[in-house]
Amino acid sequence: MTIIKPYLRLSGLEPLVVRPETNFVNVGERTNVTGSKKFARLIRENKYEEALSVARQQVENGAQILDVNMDDALLDGVTAMTTFLNLLQSEPDIARIPIMIDSSKFEIIEAGLKCVQGKCIVNSISMKEGEAKFIEQAFTCKAYGAAVIVMAFDEVGQADTKDRKVEICKRAYKILTEQVGYDPQDIIFDPNIFAIATGIEEHNNYAVDFIEATREIKKAMPLTKVSGGVSNVSFSFRGNDHVREAIHSVFLLHAIKAGMDMGIVNAGQLVIYDEIEPTLRELCEDVILNRNNGNNEATEKLIAFAETVKAKGKVEVKDEAWRLESVEKRLAHSLINGITDYIEADTEEARLKYPKPLDVIEGPLMEGMNIVGDLFGAGKMFLPQVVKSARVMKRSVAVLTPYIEQEKEDRKQAHLAAGTVNEESAGAAKILLATVKGDVHDIGKNIVGVVLGCNGYDIVDLGVMVPADKILDAAEKEKADIIGLSGLITPSLDEMVHIAKEMKRRNMKQPLLIGGATTSRIHTAVKIAPEFEEGVVHVLDASRSVTVAGSLLNKEQKAPFLTELKSEYAKLKTDFENRKPVKQYISYEDALKNKTAIDWSNYQPVKPGFQGTMVFDNYDLSELRSFIDWKPFFITWEMHGNFPEILTDQVVGAEATKLYNDANAMLDNIIKEQWLSAKGVIGFWEAASEEDAVTVKPGEHAAPVELQFLRQQIKKAPGQPNLSLADFIKPAGINPDTKDYIGAFAVSIHGIEPHLNRYINTHDDYNKIMLQALADRLAEAFAEALHLRTRKEFWAYDTNEQLTNEQLIKEQYTGIRPAPGYPACPDHTEKYKLFDLLNAEKAAGISLTESLAMYPAASVCGWYFSHPQSQYFGVGKIQKDQFNSYANRKNMDLPTAERWLSPVLE
């Protein structure tokens with residue numbers, strides 16, 4: 001029988017399981033009319049659609065739960081909550097995380113419960129109106145399947161002392177578990193965070209009371225969770241963000257140690273604990289822990305200090321005082337802040353101080369990296385900072401490596417001379433990473449390697465396009481503890497299944513990590529995990545990889561972790577196989593009858609300025625720079641938000657600005673010193689459609705090329721067409737004397753390898769990943785620039801277009817440029833025809849792998865359609881009748897067709 005662990009399990013469209021090893025859970029606080037002036041204004045003005053952008057920003061900035069509060073005297077709270085949550089549920093990018101329905105009025109909470117999908121949190125219920133009301137409300141919450149936050153509030157009032165907090169929570173726990181039937185793990189206590197340093201002596205112990213109550217609650221009721229509104233603690237210092245940031249960080253350090261699991265906190269108002277100036281940190285400690293506070297002495301000192309900070313403001317001055325600290329503290333400071341200026345000298349000083357060079361790595365360096373790992377896991381450092389820390393670590397290790405190797409050689413010679421056995425220690429756990437055969441994309445894998453390396457693991461990176469045998473042979477040779485596979489394109493999924501089967505055939509025991517843009521938890525559970533029984537884990541992003549690796553390599557945690565994971569995956573697989581079709585489909589014959597309605601008889605296609613191809617051998621990179629879409633660049637670094645708003649974001653703004661400035665400095669060098677070159681080709685030809693085929697005429701003496709497209713088969717509302725790209729090319733039988741046309745393009749960025757090697761040789765992961773990310777952005781910018789010139793100049797079907805770069809990014813132009821392998825034309829094999837028409841390998845220097853990935857990785861290709869009704873869309877799932885027709889049209893055997901079309905097959 002499968003045992004389901006008693007964890008708090010929440011969900012929006014995606015699950016959130018709060019396990020013992022889960023870091024502090026941040027609750028997004030800005031969709032709260034009492035806490036955000038902007039959100040409140042939008043709701044009062046009935047601008048609900050615009051208010052969704054506030055929620056979206058919270059999700060993009062890393063909120064794991066979204067708090068929604070409509071408690072405002074000028075609002076109809078029930079209507080506002082219902083309207084907003086119903087709109088929110090229709091936005092998958094927001095609705096993927098769980099909702100916290102927050103109100104002091106239970107009718108508003110109940111209105112919200114009727115709207116949300118998944119499993120939410122109610123914030124909150126309490127016994128302030130007596131047990132009977134509390135029980136009634138708890139039964140209602142349980143009926144909707146919600147977890148509950150219970151305020152430490154009873155008939156007497158809010159609990160302010162430790163004993164009262166614990167007493168009320170224990171009483172509520174007994175009622176909820178014994179009378180209402182709540183599972184302990186679905187109960188979250190809020191023991192009340194009150195303001196300290198108010199000048200009132202009775203308030204001085206409020207933070208200590210919360211921290212100690214938390215400790216006792218977790219000891220007495222270990223399956224429950226503890227939450228709270230962190231900003232309350234610093235309310236006395238409102239208007240002085242510098243001091244508030246320090247108070248929040250110090251308070252959370254102690255509260256999380258005591259067992260606090262989650263909280264409503266503005267992550268932008270957090271600083272790294274060790275980076276708070278010592279005087280302020282000591283004063284905050286005194287006030288929070290109520291030390292040295294007789295006659296409010298500590299409070300008065302902090303208030304006095306706060307006035308000096310407020311008066312001079314936050315001026316960024318390079319503070320070199322840390323250089324006076326011990327070498328251990330200097331190394332830690334360099335690691336945490338990504339400072340390389342002194343690392344070689346400090347490392348050499350440490351080497352001379354410690355008995356062995358390895359002691360420096362295992363001592364101060366690893367202690368510093370442990371702090372980095374903890375801060376990243378807690379959401380207090382961001383990926384660009386972590387990668388900079390890794391650069392510092394690698395440079396320090398590079399100083400020590402020759403001495404370590406010499407020591408090994410000396411020991412070996414000594415053992416040989418003495419005739420004894422040399423048994424070296426096993427060292428750090430080893431994780432082998434590879435991008436699978438046929439796939440050339442490795443930025444994400446590189447980032448995962450850096451993050452894992454920062455946490456003390458020995459990383460073996462085999463690179464890209466690595467065959468299964470090479471991966472598994474290397475894993476055995478290196479004695480790897482874990483194997484990690486990465487892939488971006490859909491054919492990589494099949495290769496991952498193949499590798500899992502091979503691991504089983506070889507009787508290998510290493511757990512298998514699966515990651516990359518094309519992978520998913522459901523595909524891993526349904527297709528990969530059943531092929532290998534030693535553990536297959538889908539890892540969503542770099543920040544999750546550390547927790548997963550830790551669980552797999554811990555002898556006590558591994559078995560229960562894999563048992564629970566297999567149970568989850570087995571349920572996912574069963575649910576997937578037994579799912580009821582919620583979408584209705586129509587026959588392929590009926591879909592063909594429901595084409596896009598275009599009046600071809602009265603449409604005159606625009607003839608391109610030339611037919612054939614045009615090659616661009618060394619396109620001006622300074623021109624491409626202005627076409628860069630920066631949002632995906634930040635997403636590469638796991639920083640989510642719209643550009644340029646992300647640069648001033650409360651949470652990630654400061655680090656995003658540093659990253660943006662570093663990127664532009666590198667772009668300056670790329671252009672000035674000609675590190676990279678842009679090569680591309682475009683082409684235009686006569687074309688005519690027949691059903692879902694488009695016949696292209698490359699020239700008088702060349703054979704026609706027949707392109708095949710897929711059509712949507714999902715049942716549409718009346719008047720809505722079942723789209724196919726073939727709809728946007730004039731049918732052959734209408735006005736035969738009128739010619740229509742199709743275009744294509746392929747662009748690529750070349751010359752990256754020597755510069756990547758330079759950064760690899762100098763142990764600079766930060767700039768290595770930066771360069772790869774910028775090359776990708778320049779390739780996309782090249783595609784954007786050529787499409788603009790196509791519309792206005794080469795094809796000239798929209799010569800009057802005047803769009804900003806923001807409008808280009810939002811695709812507000814006429815015509816489209818869909819890419820083979822993407823939603824509108826998901827069959828990668830059509831790429832062969834596009835490359836043949838353009839002679840892309842010779843003209844643009846792009847080659848296709850066996851999985852039809854493009855090399856260099858910074859490459860883009862696609863078709864050009866000019867009709868004003870052409871639009872981007874996703875084909876979605878197709879049915880067996882269209883699959884058979886398509887395979888027949890392409891003269892492709894069914895197994896091969898199934899392999900390439902698997903993402904769109906039911």
Side-chain angles (χ1 to χ4, degrees), residues 7-18 22-36 39-40 43 51-52 54-72 77-78 80-89 91 94-126 137-138 140-142 144-153 182 185-193 224-232 260-267 379:
Y7 299 148
L8 173 60
R9 299 170 188 273
L10 307 168
S11 69
L13 292 175
E14 297 176 2
L16 172 64
V17 181
V18 184
T22 302
N23 292 307
F24 183 78
V25 177
N26 278 313
V27 181
E29 65 172 355
R30 308 311 295 169
T31 45
N32 184 325
V33 294
T34 64
S36 168
F39 184 73
I43 295 297
L52 286 174
V54 178
R56 183 173 286 105
Q57 187 178 42
Q58 291 286 284
V59 177
E60 289 175 344
N61 289 341
Q64 294 153 284
I65 299 170
L66 192 68
D67 181 87
V68 180
N69 182 297
M70 297 292 180
D71 286 2
D72 187 291
V78 170
M81 184 67 81
T82 302
T83 305
F84 184 71
L85 286 182
N86 280 335
L87 284 170
L88 186 150
Q89 298 305 303
E91 299 287 336
I94 307 173
R96 66 184 179 83
I97 69 171
I99 301 298
M100 180 181 285
I101 304 171
D102 184 354
S103 181
S104 58
K105 299 175 183 177
F106 196 73
E107 64 268 23
I108 297 177
I109 286 174
E110 193 164 5
L113 286 168
K114 294 174 182 177
C115 301
V116 294
Q117 53 201 344
K119 182 175 179 179
C120 66
I121 301 174
V122 164
N123 184 14
S124 60
I125 61 175
S126 73
Q137 293 177 348
T140 301
C141 295
K142 186 171 184 292
Y144 284 100
V148 285
I149 291 180
V150 179
M151 293 288 292
F153 200 153
Y182 250 102
Q185 62 267 27
D186 285 342
I187 301 170
I188 305 163
F189 289 116
D190 184 341
N192 304 325
I193 299 175
T224 62
K225 297 288 176 275
V226 173
S227 180
V230 176
S231 59
N232 294 348
M260 187 178 181
D261 303 279
M262 62 178 65
I264 301 174
V265 57
N266 185 347

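Keep in mind that what you see is a predicted model, and the values were worked out from it rather than measured.
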**Study point:** Over all atoms of both residues, closest heavy-atom pair of L113 and C141
**Key:** CD1-CA, 4.3 Å
Practice item. Calculate, to the nearest 0.5 Å, the distance between atoms CD1 and CG belonging to I121 and D186 respectively. Key: 9.5 Å
Revision key, fill the gap. Taken to the nearest 0.5 Å, the spacing of M260 CE from F189 CZ works out to 14.5 Å
Point to revise | Euclidean distance, S11 OG relative to I97 CD1, rounded to 0.5 Å | key: 11.5 Å
Study note, to complete from the structure: The side chain to side chain donor-acceptor pair (under 3.5 Å) partners of E14 (sequence neighbours excluded) come to none
Check your understanding: For A111 and T82, which heavy atoms make the closest approach, and how far apart are they?
Key -> CB-OG1, 3.6 Å
**Study point:** Residue pair V33 / N69, side-chain heavy-atom distance below 4.5 Å
**Key:** yes
Check your understanding: Is D67 reaching over with its side chain to a backbone N or O of V27, donor-acceptor style, under 3.5 angstrom?
Key -> no
Exercise for review: Mind listing the closest non-hydrogen atom pair of Q185 and L8 along with its distance?
Suggested key: O-CD1, 3.3 Å
Revision key, fill the gap. Taken in chain and number order and not counting sequence neighbours, the residues that satisfy side chain to side chain donor-acceptor pair (under 3.5 Å) with K142 are none
**Study point:** Spacing of CG belonging to L52 relative to CD belonging to E91, to within rounding of 0.5 Å
**Key:** 5.5 Å
Point to revise | Donor-acceptor contact below 3.5 Å, side chain D261 vs main chain V226 | key: yes
Check your understanding: To the nearest 0.5 Å, how far apart are CD1 in I149 and NZ in K225?
Key -> 12.5 Å
Point to revise | Side-chain heavy atoms of L66 within contact of L88, under 4.5 Å | key: yes
Revision key, fill the gap. To the nearest 0.5 Å, atom OG1 of T31 lies from atom CE of M70 at 7.5 Å
Study note, to complete from the structure: Hits for side chain to side chain donor-acceptor pair (under 3.5 Å) against S104, two or more places apart or cross-chain, chain-then-number order -> D71
Revision key, fill the gap. Looking only at heavy atoms, the pair that brings D102 and N32 closest together is OD2-ND2, 3.9 Å
**Study point:** Where R9 and K119 come nearest, the two heavy atoms and their spacing
**Key:** O-CD, 2.8 Å
Review point. If you look at every heavy atom in A152 and P191, which pair is closest and at what distance?
Key: CB-CA, 3.9 Å
Check your understanding: So do V78 and K105 actually touch side chain to side chain, heavy atoms under 4.5 Å?
Key -> no
Review point. Is there side-chain contact between F106 and T140, with heavy atoms separated by less than 4.5 Å?
Key: yes
